[in-house]
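If you're wondering where the values come from, they're calculated on a predicted model, not measured in any experiment. All chains are named by letter (A, B, ...) in the order of the sequence lines, taking the proteins before the strands, and each is independently numbered beginning at 1.
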Number of protein chains: 2
Amino acid sequence: MICNSYKSFFKILADDCKLNIINILSKGPSTVGELSQRLHYEQSRVSHALISLKEFGFVINKRNGKTQEYQLEPKIMIPLLRLIDEHVDKYHRSKCTCKGVRWREMK
Amino acid sequence: MICNSYKSFFKILADDCKLNIINILSKGPSTVGELSQRLHYEQSRVSHALISLKEFGFVINKRNGKTQEYQLEPKIMIPLLRLIDEHVDKYHRSKCTCKGVRWREMK
DNA sequence: GGTTCATATGATATGTAATTCATATAAAAG
DNA sequence: CTTTTATATGAATTACATATCATATGAACC
């Protein structure tokens with residue numbers, strides 16, 4: 001493996017499952033089970049996604065007894081999401097059919 | 001199509017070809033042919049990549065006679081690349097075997 | 001108008017990462 | 001120490017974006 005950090009950076013985030021997770025975590029910490037329920041995803045699907053997000057430093061976790069609480073790594077995720085929001089607003093507001101809705105869950 | 005702008009944002013960038021193009025364009029504008037030569041990519045490969053970058057507002061273009069000159073859209077790309085550099089530095093310096101090299105072309 | 005150079009478009013095949021399913025670990029509780 | 005709850009791991013299939021190849025458009029020059 002060489003210096004393909006940029007590719008990994010984007011590839012990891014280019015996924016409905018992980019983005020829906022990030023969207024929920026942007027409102028506060030959550031556990032694997034909670035995410036799995038709210039998104040109607042298999043537990044293992046959420047777990048796989050969280051682990052790859054964690055490996056790249058997008059989320060951090062803390063064990064609480066049996067459960068594992070995940071949250072966004074604020075230093076990267078907050079400015080990143082703001083940057084994307086601004087870009088999306090500017091370039092794609094017109095192309096987006098759902099007015100005022102910044103986010104909609106994706107299968 | 002619904003509001004999947006976030007997914008598109010990352011999906012478009014999660015690609016060696018487009019990232020190598022962005023890397024070159026970060027040093028200045030270039031044409032399809034120049035990029036194709038420098039990267040040893042098929043012309044159509046570069047063209048496809050540039051068009052999808054353009055559709056999402058990552059690059060802008062200007063026709064110059066027969067050639068088409070592409071450049072990065074500075075408002076989004078400059079802060080984005082800086083943000084990623086910082087994150088990659090912080091979280092992955094240790095995992096990267098090639099010291100001091102920020103970028104290496106990828107097949 | 002015909003030819004050449006530069007880029008774009010479209011359809012199919014290919015390659016890679018996510019999903020799924022089965023199972024393993026880990027922690028608490030009885 | 002067995003059971004239950006919560007999460008993680010691994011292997012195989014599936015799904016989807018990219019690469020390729022063939023062709024089309026577009027601009028300049030004769």
Side-chain angles (χ1 to χ4, degrees), chain A residues 1-2 4-25 29-71 105-107, chain B residues 1-2 4-25 29-71 105-107:
Chain A
M1 199 96 125
I2 52 169
N4 50 5
S5 301
Y6 273 74
K7 183 180 162 191
S8 305
F9 186 101
F10 293 116
K11 205 152 249 172
I12 288 168
L13 295 175
D15 175 49
D16 286 333
C17 177
K18 295 191 199 112
L19 288 175
N20 282 322
I21 288 172
I22 287 169
N23 183 40
I24 292 182
L25 293 183
S30 191
T31 68
V32 180
E34 285 165 1
L35 291 166
S36 173
Q37 275 195 297
R38 282 189 59 179
L39 292 166
H40 306 99
Y41 285 161
E42 294 230 341
Q43 174 269 320
S44 69
R45 187 179 178 187
V46 174
S47 186
H48 278 298
L50 283 166
I51 282 162
S52 96
L53 287 172
K54 180 185 167 187
E55 274 178 351
F56 216 84
F58 293 123
V59 301
I60 56 185
N61 66 318
K62 181 173 71 175
R63 191 171 261 286
N64 256 343
K66 276 190 261 185
T67 68
Q68 193 91 251
E69 195 172 72
Y70 282 88
Q71 60 176 294
E105 270 173 30
M106 294 164 285
K107 175 181 60 85
Chain B
M1 197 98 125
I2 52 169
N4 50 5
S5 300
Y6 274 73
K7 183 181 163 191
S8 305
F9 186 101
F10 293 117
K11 204 151 253 175
I12 288 168
L13 296 174
D15 174 50
D16 286 333
C17 177
K18 295 192 199 110
L19 289 174
N20 282 323
I21 289 172
I22 287 169
N23 184 42
I24 292 182
L25 292 184
S30 191
T31 68
V32 179
E34 285 166 3
L35 290 166
S36 173
Q37 274 194 297
R38 282 190 58 179
L39 292 166
H40 306 101
Y41 286 159
E42 293 230 341
Q43 174 268 319
S44 69
R45 187 178 178 187
V46 173
S47 185
H48 278 297
L50 283 167
I51 282 161
S52 95
L53 288 172
K54 181 186 166 186
E55 275 179 351
F56 216 85
F58 293 123
V59 302
I60 54 185
N61 66 318
K62 181 172 71 175
R63 192 171 260 285
N64 257 344
K66 277 190 262 186
T67 69
Q68 193 91 249
E69 195 172 71
Y70 282 87
Q71 60 176 294
E105 269 173 33
M106 294 163 287
K107 174 181 60 87

What is the distance, rounded to the nearest whole Å, between atom CG of Leu19(B) and atom P of dA19(D)? 11 Å
Does Ile51(B) reach a base, just sugar-phosphate, or nothing at all? Heavy atoms under 4.0 Å. sugar-phosphate
Of Ser44(A) and Ala14(A), whose nearest nucleotide on DNA chain C comes first from the 5' end? Ala14(A)
From CD1 of Ile21(B) across to C1' of dT7(C) the rounded distance in Å is 13 Å
Interatomic distance, Asp16(A) CG vs dT20(C) P [rounded to whole Å]: 12 Å
Is a donor from one side chain sitting under 3.5 angstrom from an acceptor on the other, for Asn23(B) and Tyr6(A)? no
Among dT18(D), dA28(D), dA28(C), which is the nearest nucleotide to the side chain of Lys66(B)? dA28(D)
Tell me the interatomic distance from Arg45(A), atom CZ, to dT7(D), atom P, rounded to whole angstroms. 17 Å
What's the shortest heavy-atom distance between Ser8(A) and Phe56(A), and which atoms? CB-CE1, 3.4 Å
At 4.0 Å (heavy atoms only), tell me whether Thr31(B) reaches a base, stays on the sugar-phosphate, or touches nothing. sugar-phosphate
In this structure, how many angstroms lie between the C1' atom of dA27(D) and the NZ atom of Lys62(B), rounded? 17 Å
Any donor-acceptor N/O pair, Lys18(A) side chain to Ile12(A) backbone, under 3.5 Å: yes
If you assign Glu69(B) and Ser52(A) each to the DNA chain C nucleotide with the nearest heavy atom, which residue ends up on the more 5' nucleotide? Glu69(B)
Please examine the side chains of Leu50(B) and Leu35(B), heavy atoms only from C-beta on, and report whether any two atoms are closer than 4.5 Å. yes
Measuring from the side chain of Tyr70(B) (C-beta onward, heavy atoms only), which nucleotide among dA8(C), dC21(C), dT19(C) has the closest atom? dA8(C)
dA8(D) P sits how many Å from Glu55(A) CD, rounded? 12 Å
Is Gln68(A) touching bases, backbone alone, or none of the nucleic acid, heavy atoms closer than 4.0 Å? sugar-phosphate
Stacking here means centres under 5.5 Å and planes under 30°; does His48(A) stack on dT20(C)? no
Nearest whole angstrom, please: distance from the P of dA18(C) to the CG of Leu50(A). 13 Å
In whole angstroms, the gap separating C1' of dA27(C) from CZ of Arg63(A) amounts to 7 Å
What's Ser47(A) touching, base or sugar-phosphate or nothing? Going by heavy atoms closer than 4.0 Å. base
Should the pair Phe10(A) and Phe10(B) be assigned to parallel (<30°), tilted (30 to 60°) or perpendicular (>60°) ring geometry? tilted
Give one of base, sugar-phosphate or nothing for Lys18(A), where a contact means two heavy atoms less than 4.0 Å apart. sugar-phosphate
